[in-house]
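Beneath this line is the structure, given in structure tokens, with notes to follow.
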Amino acid sequence: MPKITLPDGSAREYENPVTVMEVAESIGPGLAKATLAGRVDGKLVDSSTVLSADADLAIITERDGDGLEVIRHSCAHLMAQAVQRLFPKAQVTIGPVVEDGFFYDFAFSRAFTPEDLQAIEKVMGDIVKENLTVERSIMSRSDAVTMFKEMGEEYKVQIIESIPGDEDLSFYRQGDFIDLCRGPHVPSTGAFKAFKLTSVAGAYWRGDASNEMLQRIHGTAWGSKKDLKLFLQRLEEAEKRDHRKLGKHLDLFHFQEEAPGMAFWHPKGWSIYQTVQRYMRKVQDEHNYKEINTPQLVDYSLWEKSGHASKFSDEMFSVESENRMYAIKPMNCPCHIQVFNQGLKSYRDLPLRLAEFGSCHRYEPSGSMHGLMRVRSFVQDDGHIFCTEEQIQAEVADFMAMLFAVYKDFGFDEVILRLSTRPEKRVGSDEVWDKSEQSLKDALNATGLPWELVPGEGAFYGPKIECSLKDCMGRVQQCGTIQVDFSTPGRLGAHYVAEDSSKKEPVMLHRAVLGSFERFLGILIEHYAGAMPTWLAPEQVVILNITDKQGDYCLNFEESLKNKGFRVSTDLRNEKIGFKIREHTLQRIPYLAVVGDKEVESGTVAVRKRGGEDLGTMTFDDFCTLLSQDVARFGRSEQLDNS
RNA sequence: GCUCGCAUAGCUCAGGCGGUAGAGCACUUCAUUGGUAAUGAAGAGGUCCCCGGUUCAACUCCGGGUGUGAGCACCA
């Protein structure tokens with residue numbers, strides 16, 4: 001006589017063991033219809049699961065986050081079934097749930113085409129109409145291997161053989177399709193309401209580039225047609241914001257064949273870049289960093305000493321000149337240590353914070369490049385703090401505070417923190433690792449924010465914190481980092497004289513707030529959809545005349561604004577005012593100042609924001625005040641208007 | 001680097017189952033001097049990514065290269 005307790009605290013008693021679905025039916029037919037799975041005592045199960053003892057039960061529907069997972073996972077099976085109906089020779093491999101959808105990898109003699117995808121989607125629809133029951137079953141490993149061997153599913157055999165342990169395996173069957181799977185799954189193939197196959201591409205078997213390539217089909221699935229539509233709209237919105245598109249449209253930068261992965265910055269893009277750089281310079285100055293600059297070409301021997309050559313020589317550009325081999329620097333740390341090494345350092349000099357807007361070049365694999373997000377030539381807002389072990393925590397805390405303030409100014413309020421700790425292959429004693437990991441933990445706890453522990457993902461030379469931000473599309477972008485390094489300073493001969501006159505190696509903290517300017521600008525462009533806040537906008541104001549008569553007045557006004565430090569231009573073209581407003585609005589100019597006879601007469605301008613808001617006429621002084629206030633609030637979102 | 005796709009005017013894109021190409025916007029000129037998201041007219045603009053091959057003939061077909069897109073792999 002199981003007593004089933006529901007999430008609202010109500011309990012129901014049943015004469016005999018019941019399935020999750022039967023409980024749902026006893027509550028109401030509407031719920032039964034919507035039932036996808038159940039959560040019994042916190043564990044996700046199929047709706048066919050029998051409850052014979054007392055249990056806490058939550059009925060999972062599409063509204064539940066887990067319900068969506070069940071739908072997507074089941075949809076992967078649905079797709080695999082459709083693929084095998086159309087292409088019986090295609091072998092199934094794996095088909096997990098990913099963010100917003102799922103994929104399934106197939107081994108097939110050729111690549112699937114977009115036409116194939118349409119056909120597969122159609123067959124998926126047919127299978128939904130057939131409303132096949134999804135049945136769970138248990139099989140021994142040996143039976144399962146025999147079955148898949150008979151079916152010619154070599155990959156499934158491999159998967160089973162790689163699952164440790166001897167326990168029986170669960171299978172899900174729908175019609176003629178059966179797949180090894182932990183589940184849970186939807187009760188029947190009629191449960192799908194909204195799905196779409198989105199793309200097809202190659203993917204390596206088991207994620208290993210030395211293995212053969214499979215055909216991966218991506219799809220998305222939702223609880224309702226409306227949700228699917230919203231998702232597709234989100235994709236469209238993301239496409240509109242694509243920084244590569246906006247970079248062209250707003251004349252910010254370009255790429256060309258002769259310099260793959262290296263941006264040509266145009267005046268407007270470079271203006272944003274420089275504004276960001278000036279800002280970072282000021283912030284770092286306030287945090288007592290000393291800015292330096294180090295060579296682009298450094299003899300290869302330094303990279304051998306630092307250990308980079310042995311690990312990354314394939315990804316380094318090198319230059320030969322007069323029988324000497326140089327590398328174009330792929331990173332700044334060895335150079336910063338050279339600066340540290342000049343002159344004898346005392347413990348009194350620590351912490352020493354060196355910063356460089358360091359231009360780096362890396363030969364990134366051709367297929368990995370992506371607009372500004374991954375380039376071969378980039379500038380890091382790089383910094384290295386030389387300090388003692390005792391100083392680590394305070395330095396990390398200062399860095400975190402700086403990072404939060406910077407991200408806020410750029411309009412990013414949500415920061416996601418991760419701590420990566422000691423990997424198996426590492427240098428340094430456990431004692432030192434303990435201490436530095438603890439310092440990072442303390443610094444993270446001091447932020448009062450949640451953080452995630454990623455064991456074993458630290459660098460070989462020390463643990464690190466990674467700071468990601470969330471843009472307005474909800475996408476997570478890793479930008480900032482601070483890493484503890486016990487190894488490199490010693491390798492490159494850095495030391496200082498301690499209080500007791502002994503010679504000690506400093507700890508080096510590698511840190512960056514933005515990461516690379518290129519990537520960060522890409523993120524900013526997409527975050528703001530090109531409509532940069534006034535402080536960043538390459539052109540803050542465009543003055544527009546209505547007829548030729550106001551030309552001189554406009555130019556004088558422009559000159560006065562420029563003298564106040566604003567970025568202004570004047571559009572005196574012989575075009576209608578509506579045309580000019582349209583054009584500059586499309587160029588995302590924050591403020592348009594319109595001048596006609598009335599304004600000339602009253603010594604004012606008529607101000608319009610790019611969102612269309614009419615601020616009315618105002619004097620030069622009032623306009624300056626308005627602009628100054630807008631610039632001063634940076635991109636902080638609490639005051640961000642959506643114009 | 002791997003799989004598949006793509007490469008035509010400054011931009012966004014049409015086009016032809018082999019006979020050297022077109023639109024819209026932008027640009028130039030002329031007219032127009034207009035009050036808050038497109039004034040009208042005319043003109044100019046292309047080695048159809050590069051190198052080979054097939055062919056009487058290649059922008060089109062084939063091979064190779066480069067760049068680029070999606071994904072995978074990589075990312076100090």
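Every value quoted in this text rests on a predicted model; they were computed, and no experiment measured them. Below, chain A is the first sequence line, B the second, and so on; all start at residue 1. Side chains are part of it too, since the values below use all heavy atoms of this structure and drop only hydrogens, waters and symmetry mates.
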Base, sugar-phosphate, or nothing: which does [X] touch, judged by heavy atoms less than 4.0 Å apart?
X       : value
A606(A) : base
H510(A) : nothing
R608(A) : base
G307(A) : nothing
R376(A) : nothing

Whole-Å [atom1] distance, [N] and [M]:
N       : M       : atom1 : value
rC56(B) : rA44(B) : C1'   : 35 Å
rC59(B) : rU54(B) : C1'   : 16 Å
rG19(B) : rU33(B) : P     : 50 Å
rC62(B) : rC17(B) : C1'   : 16 Å
rU47(B) : rA21(B) : P     : 13 Å
rU28(B) : rU8(B)  : P     : 24 Å
rG69(B) : rG18(B) : P     : 31 Å
rA42(B) : rA37(B) : P     : 28 Å

Does [X] make a side-chain donor-acceptor contact with the base of [N], cut-off 3.5 Å?
X       : N       : result
Y204(A) : rG1(B)  : yes
R374(A) : rC74(B) : yes
D614(A) : rU36(B) : no
E599(A) : rG35(B) : yes

Hey, can you tell me if [X] and [Y] have their rings parallel, tilted or perpendicular (30° and 60° cut-offs)?
X       : Y       : result
Y591(A) : F623(A) : perpendicular
W222(A) : F231(A) : tilted
H384(A) : H336(A) : perpendicular
F386(A) : F340(A) : parallel

Partner residues of K549(A) under the salt bridge (Lys or Arg N to Asp or Glu O under 4.0 Å) criterion, sequence neighbours left out |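 So K549(A) forms a salt bridge (Lys or Arg N to Asp or Glu O under 4.0 Å) with D597(A).
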Test salt bridge (Lys or Arg N to Asp or Glu O under 4.0 Å) applied to E583(A) - qualifying residues, sequence neighbours left out |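 Listed in chain order: R573(A).
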Nearest to the side chain of [X], heavy atoms from C-beta on, is which of [options]?
X       : options                   : value
T547(A) : rG34(B), rC27(B), rG71(B) : rG34(B)
E575(A) : rA76(B), rG35(B), rU39(B) : rU39(B)
K576(A) : rA76(B), rG34(B), rC2(B)  : rG34(B)
R362(A) : rG34(B), rG35(B), rC75(B) : rC75(B)
A209(A) : rA76(B), rA73(B), rU68(B) : rA73(B)

Flag the pair D208(A) and R206(A) as a salt bridge only when some basic side-chain nitrogen lies within less than 4.0 angstrom of an acidic carboxylate oxygen.
->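 So D208(A) does not pair with R206(A) through a salt bridge.
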Between K268(A) and D251(A), is there a salt bridge with N-O shorter than 4.0 Å?
->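 No, this pair does not count.
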To the nearest Å, how far apart are [X] [atom1] and [N] [atom2]?
X       : N       : atom1 : atom2 : value
F378(A) : rC75(B) : CZ    : P     : 14 Å
E315(A) : rA73(B) : CD    : P     : 16 Å
F460(A) : rC75(B) : CZ    : P     : 13 Å

CG of N211(A): more than 12 outside heavy atoms within 6.0 angstrom?
->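 Above 12, so yes.
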Is it true that atom CD of E601(A) has more than 12 heavy atoms of other residues, nucleotides or ligands lying nearer than 6.0 Å?
->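 Check fails, neighbour count at 12 or below.
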May I ask you to verify if any side-chain N or O of R610(A) is less than 4.0 angstrom from the OP1 or OP2 atom of rA37(B)?
->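 Checking rA37(B) against R610(A), no side-chain N or O comes under 4.0 Å of OP1 or OP2.
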Residues within residues 577-588 of chain A bordering RNA chain B, heavy-atom distance below 4.0 Å =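 Residues of residues 577-588 of chain A under 4.0 Å from RNA chain B: I577(A), G578(A), F579(A), I581(A), R582(A), T585(A), L586(A).
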Could you check which residues of residues 250-266 of chain A get a heavy atom under 4.0 Å from RNA chain B? Sort them by number, please.
->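 Correct list: E257(A), P260(A), G261(A).
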The dot-bracket string of RNA chain B, counting Watson-Crick and G-U wobble pairs with both distances under 3.5 Å, using [ ] for crossing pairs and | for pairs to another strand, is (((((((..((((.....[..)))).(((((.......))))).....(((((..]....))))))))))))....
Just checking, any donor-acceptor pair under 3.5 angstrom between side chains of E558(A) and T570(A)?
->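 Yes.
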Establish, from distance only, whether the side-chain atoms of E153(A) and Q84(A) form a donor-acceptor pair under 3.5 Å.
->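 Distance-only check passes for E153(A) and Q84(A).
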Give the minimum heavy-atom separation between K329(A) and T294(A), together with the two atoms involved.
->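 Looks like NZ-OG1, 2.7 Å.
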Passing option when W265(A) is tested against F517(A), F253(A), F378(A), F255(A) for ring pair (Phe, Tyr, Trp, His ring centres under 6.0 Å) |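 When ring pair (Phe, Tyr, Trp, His ring centres under 6.0 Å) is applied between W265(A) and each of F517(A), F253(A), F378(A), F255(A), only F253(A) qualifies.
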Report each atom pair, protein N/O against N/O of nucleotides 10-15 of chain B, whose distance is under 3.5 angstrom.
unit_1	atom_1	unit_2	atom_2	d
rU12(B)	OP1	K248(A)	NZ	3.3

